[in-house]
Amino acid sequence: MRAVDLIQKKRDGGELSREEIAFLIQGYSKGEIPDYQMSAWAMAVYFQGMNARETGDLTLEMAMSGDQVDLSPIAGVKVDKHSTGGVGDKTTVVLAPLVASAGVPVAKMSGRGLGHTGGTLDKLESISGFSVEMGREQFFAQVGEIGAAVIGQSGNITPADKKMYALRDVTATVESIPLIASSVMSKKIAAGADAIVLDVKTGSGAFMKTLDDSIKLAQAMVDIGTHLGRSTIAVISDMDQPLGYGIGNALEIKEGIETLKGQGPKDLQEVCLFLGSQMLILGGKAQNEAEARALLLERIADGRALDKFKQIVAAQGGQTSQIDHPDTLPAARTLIEVKAEAAGYVDKIQAEEIGLAAMLLGAGRETKESVIDLAVGIQLAKKVGDAVAAGDTLAVLHVNDAGESKVREATAKVLEAYRFSAESVPPQPLVFALVTKDGVTRY
């Protein structure tokens with residue numbers, strides 16, 4: 001078997017066998033197939049695509065390239081949640097304790113952020129002392145005892161995917177649905193969950209900008225999970241404006257705490273209830289969405305969801321007093337208001353521009369070596385549909401050491417992100433579709 005023959009086969013629209021895909025991924029992982037041949041194959045996939053079976057085989061091969069986590073020592077159905085990413089997306093901070101408080105174990109391996117804001121691990125590290133590192137036995141013990149843990153991924157989870165992604169990033173082959181889907185799902189399969197809920201964002205602040213493309217990606221990932229024997233569903237949710245009001249690590253933890261108290265932003269609460277309901281259904285704790293939602297709301301109202309978050313924080317070395325007193329979380333020294341220049345109704349907020357503005361202030365990483373300032377970020381004051389008078393505050397910049405030029409640039413980006421209309425704007429959907437192995441339900 002030769003790599004050049006498989007490149008040609010895919011270039012011409014052929015279907016690769018399980019053995020051929022294994023040959024490519026194993027050979028590339030071992031350094032036997034060079035970058036230039038693998039990039040040619042990735043470009044062939046970009047143009048010709050892969051069918052569901054091929055994509056499933058690619059996923060499994062990448063999952064098998066490194067460590068695979070066996071969660072069987074933990075009782076119950078382990079349900080994982082993955083988001084394709086967005087601005088202000090702090091859903092894991094809410095969902096891990098909320099779902100665990102309803103009886104579904106959450107053994108969550110998360111990553112760090114590269115881009116506009118930190119990842120889940122960075123956000124949780126806003127809590128003093130919170131540790132995202134622990135051994136496998138300790139991880140299992142914590143999930144078994146209190147129902148949830150959130151830790152960093154093993155350094156050897158899906159090394160083939162890491163190598164492939166770095167190559168795709170510099171060869172203009174990132175935007176390929178089979179390659180995106182297999183990249184995401186290989187990590188989920190290797191992490192060992194029994195069932196997977198995917199939150200596929202759509203809109204200006206998402207990787208997939210259109211609903212049709214988001215549904216195609218969701219279908220590809222659900223097909224992979226089904227092919228590999230994991231119960232998998234995908235929710236298509238809105239990212240045409242930031243989720244919630246806070247963008248930045250400590251700001252997002254504060255908003256997560258408020259949501260666990262039942263006092264958070266309505267959009268964040270609604271998305272968490274929808275995703276959490278799907279997790280409870282897959283975890284066997286509810287028969288349908290209405291039953292699951294009622295249980296989640298009960299856990300918020302009776303304080304068990306917030307108590308579960310405190311238990312997670314305490315078990316991982318964090319100061320639970322900061323959950324009771326969020327004002328003791330990291331706070332920026334300077335607050336700068338960004339004011340509206342004209343009156344109208346907020347029609348759109350370009351989420352990606354808000355995210356980039358937060359990164360300029362130090363809330364995210366421009367490169368892997370960048371150091372995040374956990375205190376800085378942006379607190380929105382107006383969202384889509386709100387009426388605005390000239391001079392009203394649109395957002396507040398939380399600033400430490402960004403420097404005048406970056407603050408000016410961030411201010412300009414926030415102003416550019418807001419679009420106005422002369423007439424009131426109807427509320428837009430928060431959830432557009434649910435994708436299962438049986439098809440697509442649009443809302």
Is there a side-chain contact between Lys437 and Asp223 in this structure, where contact means two heavy atoms from C-beta onward sitting under 4.5 Å apart?
no

Exam field: side chain Gln322 to backbone Ile127, donor-acceptor pair closer than 3.5 Å
no

Check whether any side-chain heavy atom of Leu260 sits under 4.5 Å from a side-chain heavy atom of Ile300, and report yes or no.
no

Could you check whether Lys382 makes a cation-pi contact with Tyr418, meaning its NZ or CZ is under 6.0 Å from the centre of the six-membered ring and within 45° of the ring axis?
no

Please check if the number of heavy atoms outside Glu341 that lie under 6.0 Å from its CD is greater than 12.
no

With side chain to side chain contact (heavy atoms under 4.5 Å, CB included) as the test, would you mind laying out the steps for His82 and Val184 before giving the verdict?
CA-CA 8 Å; His82 175 80; Val184 170; 3.4 Å; yes

In short, Asp194 meets Gly76 closest at the heavy-atom pair OD2-O, 3.7 Å

If you apply the rule side-chain hydrogen bond (donor to acceptor under 3.5 Å, both in side chains), what do you find for Thr202 with Ser214, and how did you get there?
CA-CA 6 Å; Thr202 191; Ser214 300; 2.9 Å; yes

Hey, is the main chain of Gly88 close enough, under 3.5 Å, to the side chain of Lys90 for a donor-acceptor pair?
yes

Measuring from Met239:CE to Leu430:CG, what's the distance to the nearest 0.5 Å?
10.0 Å

Could you state the interatomic distance from OG1 (Thr259) to CD (Glu270), rounded to the nearest 0.5 Å?
12.0 Å

Could you state the interatomic distance from CE (Met62) to CG (Asp57), rounded to the nearest 0.5 Å?
11.5 Å

For the backbone of Gly244 and the side chain of Asp267, can you confirm whether one donor and one acceptor N or O come within less than 3.5 Å of each other?
yes

If only atom types and distance count, is the side chain of Asp324 paired as donor or acceptor with the main-chain N or O of Ser321 below 3.5 Å?
no

Rounded to the nearest 0.5 Å, how far does OG1 of Thr59 lie from CE of Met64?
12.5 Å

Between Lys201 and Asp238, is there a salt bridge with N-O shorter than 4.0 Å?
no

Under 3.5 Å donor-acceptor, Thr158 side chain and Ala160 backbone:
no

Has Lys163 got more than 12 heavy atoms of other residues, nucleotides or ligands less than 6.0 Å from its NZ?
yes

Can you name the closest pair of heavy atoms from Ile349 and Pro242 and give their distance?
CG2-CD, 3.9 Å

So do the side chains of Val197 and Val79 get within less than 4.5 Å of each other, counting heavy atoms only?
yes

One pair to check against side-chain hydrogen bond (donor to acceptor under 3.5 Å, both in side chains): Asn249 and Ser126. What are the steps and the verdict?
CA-CA 6 Å; Asn249 300 281; Ser126 300; 5.3 Å; no

Any side-chain to backbone donor/acceptor pair from Thr393 onto Ala395? Under 3.5 Å, distance only.
no

With a 4.0 Å cut-off on N to O distance, would you call Lys209 and Glu352 a salt bridge?
yes

Would the distance check show the side chain of Glu252 and the main-chain N or O of Gly248 forming a donor-acceptor pair, the cut-off being under 3.5 Å?
yes

Do Leu434 and Tyr443 come close enough that some side-chain heavy atom pair is under 4.5 Å?
yes

Under the side chain to side chain contact (heavy atoms under 4.5 Å, CB included) rule, what do Ile312 and Lys310 come out as? Steps first, then yes or no, please.
CA-CA 5 Å; Ile312 296 167; Lys310 289 181 188 177; over 6 Å; no

Under the side-chain hydrogen bond (donor to acceptor under 3.5 Å, both in side chains) criterion, do Gln142 and Gln316 qualify, and how do the steps go?
CA-CA 9 Å; Gln142 180 175 321; Gln316 296 189 225; 3.0 Å; yes

Using the rule side chain to side chain contact (heavy atoms under 4.5 Å, CB included), only one of Ile247, Val271, Leu243 pairs with Asp89; which is it?
Leu243

Output the distance between atom NE2 (His325) and atom CD1 (Ile257), rounded to the nearest 0.5 Å.
11.0 Å

Using a distance-only test with no angle check, is there a side-chain donor-acceptor pair under 3.5 angstrom linking Glu289 and Gln278?
yes

Shortest non-hydrogen contact from Leu58 toward Ser182:
CD2-OG, 3.4 Å

Give a yes or no on whether a salt bridge exists between Asp80 and Lys78, defined as a side-chain N under 4.0 angstrom from a carboxylate O.
no

Are Asp347 and Arg419 ion-paired here, with the side-chain N under 4.0 Å from a carboxylate O?
no

Salt-bridge contact Lys254-Asp327 (side-chain N to carboxylate O under 4.0 Å):
no

Shortest non-hydrogen pair, Ala250 vs Leu329, comes out as O-CD1, 4.4 Å

Would you check if there is a donor-acceptor pair between the side chains of Asp212 and Thr210 at a distance under 3.5 Å?
no

Taking atom CG of Leu273 and atom CG of Leu268, what is their separation to the nearest 0.5 Å?
9.5 Å

Can you find a pair of side-chain heavy atoms, one from Ile336 and one from Val396, that are under 4.5 Å apart?
no

Taking Asp373 first and then Arg333, would you say they form a salt bridge - that is, a charged N and a carboxylate O separated by under 4.0 Å?
no

Compare all side-chain heavy atoms of Leu380 with those of Leu394 and state whether any distance is below 4.5 angstrom.
no

For side-chain hydrogen bond (donor to acceptor under 3.5 Å, both in side chains), just list the numbers for Lys81 and Thr92, CA-CA rounded to whole Å, side-chain angles, deciding distance to a tenth of an Å, and then say yes or no.
CA-CA 8 Å; Lys81 189 277 300 182; Thr92 295; 2.9 Å; yes

Taking all atoms of both residues into account, what is the closest heavy-atom pair of Leu179 and Ala42, and its distance?
CD1-O, 4.1 Å

Within 6.0 Å of CD in Gln263, more than 12 heavy atoms from elsewhere
yes

Given Met185, which partner from the list Leu198, Val222, Leu228, Thr55 fulfils the side chain to side chain contact (heavy atoms under 4.5 Å, CB included) test?
Leu198

One thing to verify: whether Glu416 and Lys413 come together as a salt bridge, which I'm taking to mean a side-chain N less than 4.0 angstrom from a carboxylate O.
no

Take Leu71 and Phe139 through the side chain to side chain contact (heavy atoms under 4.5 Å, CB included) test and state the conclusion after the steps.
CA-CA 10 Å; Leu71 297 179; Phe139 178 55; 4.3 Å; yes

Using atom types as modelled and distance alone, determine if a side-chain donor or acceptor of Thr232 lies under 3.5 Å from a backbone N or O of Arg230.
yes

Val150 vs Val132 side-chain heavy atoms within contact, under 4.5 Å
no

Would you find a donor on one side and an acceptor on the other, under 3.5 Å apart, between the side chain of Gln68 and the backbone of Gly192?
no

Of all heavy-atom pairs linking Leu280 and Ala102, the shortest is CD2-CB, 3.9 Å

On the ring face of Tyr245, is Lys383 found with NZ or CZ under 6.0 Å from the centre and within 45° of the axis?
yes

For residues Arg299 and Leu98, determine if any side-chain heavy atom of one lies less than 4.5 Å from a side-chain heavy atom of the other.
yes

Check ion pair Lys187-Asp161 (N to O, under 4.0 angstrom):
yes

